[in-house]
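Heads up: the structure comes next, in structure tokens.
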Amino acid sequence: MNTALMQFHVDLSPFNSFQLPCVARQFIQVDTRQELLAALAQHGHVEQPLLVLGGGSNVIFTDDFDGLCLRVNSRGIQVQPLAEQLVRVRVEAGEPWHPFVGYCLEQGWYGLENLALIPGTVGAAPIQNIGAYGVEVKQRIHHVEVWDRNKRALIQLSNKQCQFGYRDSLFKSIEAGRYLIVSVSFDLSTEFTPQLVYGGLAEAVAVRAPTARQVFDAVVGLRQRKLPDPAQLANAGSFFKNPVLSQRQCDLLRRAHPDLVAYPDPLGMKLAAGWLIDQAGWKGVRQGAVGVHAQQALVLVNYGGASGEQLLALARAIQVDIQQRFGVALEIEPRVI
């Protein structure tokens, strides 16, 4: 089985979208499934401090990492026809997410169009249960193939076993660090059905019966207008989760703030965190090397040379202010390492 080369004292700033400084004591990049499985078999035990990085688009480094950083760059897409109008697509963890969504579109496999242009890799998608424009990735995942660090074995976890929640999963908060994702299998349709429950997307598409390409292009256009490109301005996309309140709590808050932006949610009402931050006057605020993006209040940015602690200090100041103004707690979306 192929074995990737281990490096020592590697700077991880090129491998995270915030470009935050962090030096990993040990570093291995795996470019194939075989290399990934070999590295996990050798180093994936629970006694070894281990950090798995894909695109690095959802992490905040606050210190150096005294362990092994495993950068997953494995590629591969396999398809299995299941029945009429249904295929199962197994994707290796290192595949970049947005190109994968585009590839599905080209092949006539539908269901992921609303998740276009989200940064990161396929392996990272289940961790956050990524979502956008009315769709969450959990709706398309059949199972996830993982390395179980406790059992030291490759196993499959069903959709239910992944315990997906809003920007949450088994991999993030319930048993964080136990399971390392090797591949993800999606059930996709060969018949396109547009998902346009998100009002802004329906307006952007602007046709009654859009094609999958029109929905895909509309999502890309919306994200490009609202969110800065991490390659141009270091960021990790949405920094805070949209808080969910009960209907009663939302009604009380709306009495004081009639323009409150909120949407129905299975657990009550989901508030637009960006609206809260904007109303509190944080949009465009800069504190040294970090700041709140001028066009999207939900995005924090590194203007260059920032540390993770500076970024978190700004985030904490925003959290305190929103709690005091609105009585609402904001939760950080990226993982703090």
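Sequential numbering from 1 along the given sequence is applied to the chain's residues.
Ring geometry for Phe326 versus His257: interplanar angle of 30 to 60°, hence tilted.
Remark: the backbone N or O of Leu53 is not paired with any side-chain donor or acceptor of Arg71 at under 3.5 angstrom. No donor-acceptor pair closer than 3.5 Å links the side chain of Gln107 to the backbone N or O of Cys104. Judged purely by atom type and a 3.5 angstrom limit, Arg140 uses its side chain to pair as donor or acceptor with the backbone of Gly111. Between the His98 side chain and the Leu117 main chain, a donor and an acceptor come within less than 3.5 Å of each other. Asp278 places no side-chain N or O within 3.5 Å of a backbone atom of Ala297 that could act as its donor or acceptor partner. Side chain of Asn150 to backbone of Arg178: no donor-acceptor contact under 3.5 angstrom is found. Proximity of a side-chain donor or acceptor of Gln319 to a complementary backbone N or O of Leu330 within less than 3.5 Å is detected. Checked by atom type and distance alone, the side chain of Arg149 never pairs as donor or acceptor with a backbone atom of Tyr179 at under 3.5 Å. For the pair Trp109 (side chain) and Val101 (backbone), a donor-acceptor distance under 3.5 Å is absent. Put simply, the side chain of Gln42 never gets that close to the backbone of Ala39: no donor and acceptor are under 3.5 Å apart.
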Give every donor-acceptor pair under 3.5 Å between a side-chain atom in residues 118-139 and any protein atom, sequence neighbours left out.
unit_1	atom_1	unit_2	atom_2	d
Gln128	OE1	Asn58	ND2	2.9
Gln128	OE1	Lys172	NZ	3.0
Gln128	NE2	Glu333	O	3.4
Asn129	OD1	Lys138	N	3.1
Asn129	ND2	Gly165	O	2.7
Gln139	OE1	Glu136	N	2.6

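Transitive grouping of hydrophobic side chains (ILVMFWY, heavy atoms separated by less than 4.5 Å) brings Leu298 and Leu245 into a common cluster. Tyr263 and Val244 sit in two unconnected hydrophobic clusters of ILVMFWY residues. Membership requires side-chain heavy atoms under 4.5 Å apart, directly or through other members. In the hydrophobic cluster analysis, where Ile, Leu, Val, Met, Phe, Trp and Tyr join through side-chain heavy atoms closer than 4.5 angstrom, Val290 is grouped together with Val292. The cluster map of Ile, Leu, Val, Met, Phe, Trp and Tyr, joined by side-chain heavy atoms under 4.5 Å apart, puts Tyr166 and Ile322 in different clusters. In the hydrophobic clustering of this structure, Ile28 groups with Val182; members are Ile, Leu, Val, Met, Phe, Trp, Tyr whose side-chain heavy atoms approach within less than 4.5 Å, directly or through other members.
Asp251 and Gln249 share no donor-acceptor pair across their side chains, judged by distance under 3.5 Å alone. With hydrogens and angles left out, the side-chain atoms of Gln85 and Glu191 include a donor and acceptor closer than 3.5 Å. No side-chain donor-acceptor contact under 3.5 Å links Glu92 and Ser74.
Residues satisfying the ring-ring contact (aromatic ring centres under 6.0 Å, His included) criterion with Phe192, sequence neighbours excluded, are Tyr110. Judged as a ring-ring contact (aromatic ring centres under 6.0 Å, His included), and not counting sequence neighbours, Phe65 has no contacts.
Shown here for Pro243 and Val328, the closest heavy-atom pair between the two residues is CG-CG1, 3.5 Å. In terms of heavy-atom proximity, Gly200 sits nearest to Leu222 at O-CD1, 4.1 Å. Heavy-atom minimum distance, Ser307 versus Pro21: CA-CD, 4.4 Å. Shown here for Gln214 and Val207, the closest heavy-atom pair between the two residues is OE1-CG2, 3.8 Å.
A cation-pi contact links Arg286 to Tyr303, judged by a cut-off of 6.0 Å to the six-membered ring centre and 45° from its axis.
Aromatic ring centres of Phe18 and Phe61 lie farther apart than the 6.0 Å criterion allows.
Under 4.0 Å is where a charged nitrogen must lie from a carboxylate oxygen, and between Arg213 and Asp217 at least one such pair does. Salt bridge status for Glu35 with Arg75: absent, with no side-chain N to carboxylate O gap under 4.0 Å. Comment: Arg90 does not engage Glu95 in a salt bridge, judged by the lack of any side-chain N to carboxylate O separation of less than 4.0 angstrom. Note on Arg325 versus Asp321: salt bridge recorded, some NZ/NE/NH1/NH2 to OD/OE distance being below 4.0 Å.
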Please assess Gln48 against Leu68 for the test side chain to side chain contact (heavy atoms under 4.5 Å, CB included), listing each intermediate value before the final yes or no. CA-CA 8 Å; Gln48 165 77 29; Leu68 171 64; 3.2 Å; yes
Could you go step by step and tell me if Val336 and Val59 meet the side chain to side chain contact (heavy atoms under 4.5 Å, CB included) rule? CA-CA 6 Å; Val336 179; Val59 293; over 6 Å; no
Evaluate the criterion side chain to side chain contact (heavy atoms under 4.5 Å, CB included) for residue pair Leu105 and Leu112; output intermediate values, then yes/no. CA-CA 8 Å; Leu105 192 68; Leu112 299 175; over 6 Å; no
Applying side chain to side chain contact (heavy atoms under 4.5 Å, CB included) to Leu40 and Leu36, what does each step give before you reach the verdict? CA-CA 6 Å; Leu40 291 173; Leu36 174 57; 3.8 Å; yes
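In this structure, Glu84 places its CD atom where only 12 or fewer heavy-atom neighbours from other residues, nucleotides or ligands lie under 6.0 Å away.
Among Arg88, His143, His142, the single residue meeting the side-chain hydrogen bond (donor to acceptor under 3.5 Å, both in side chains) criterion with Asp187 is Arg88.
In this structure, the side chains of Asn302 and Asn235 stay at 4.5 Å or more apart for every pair of heavy atoms.
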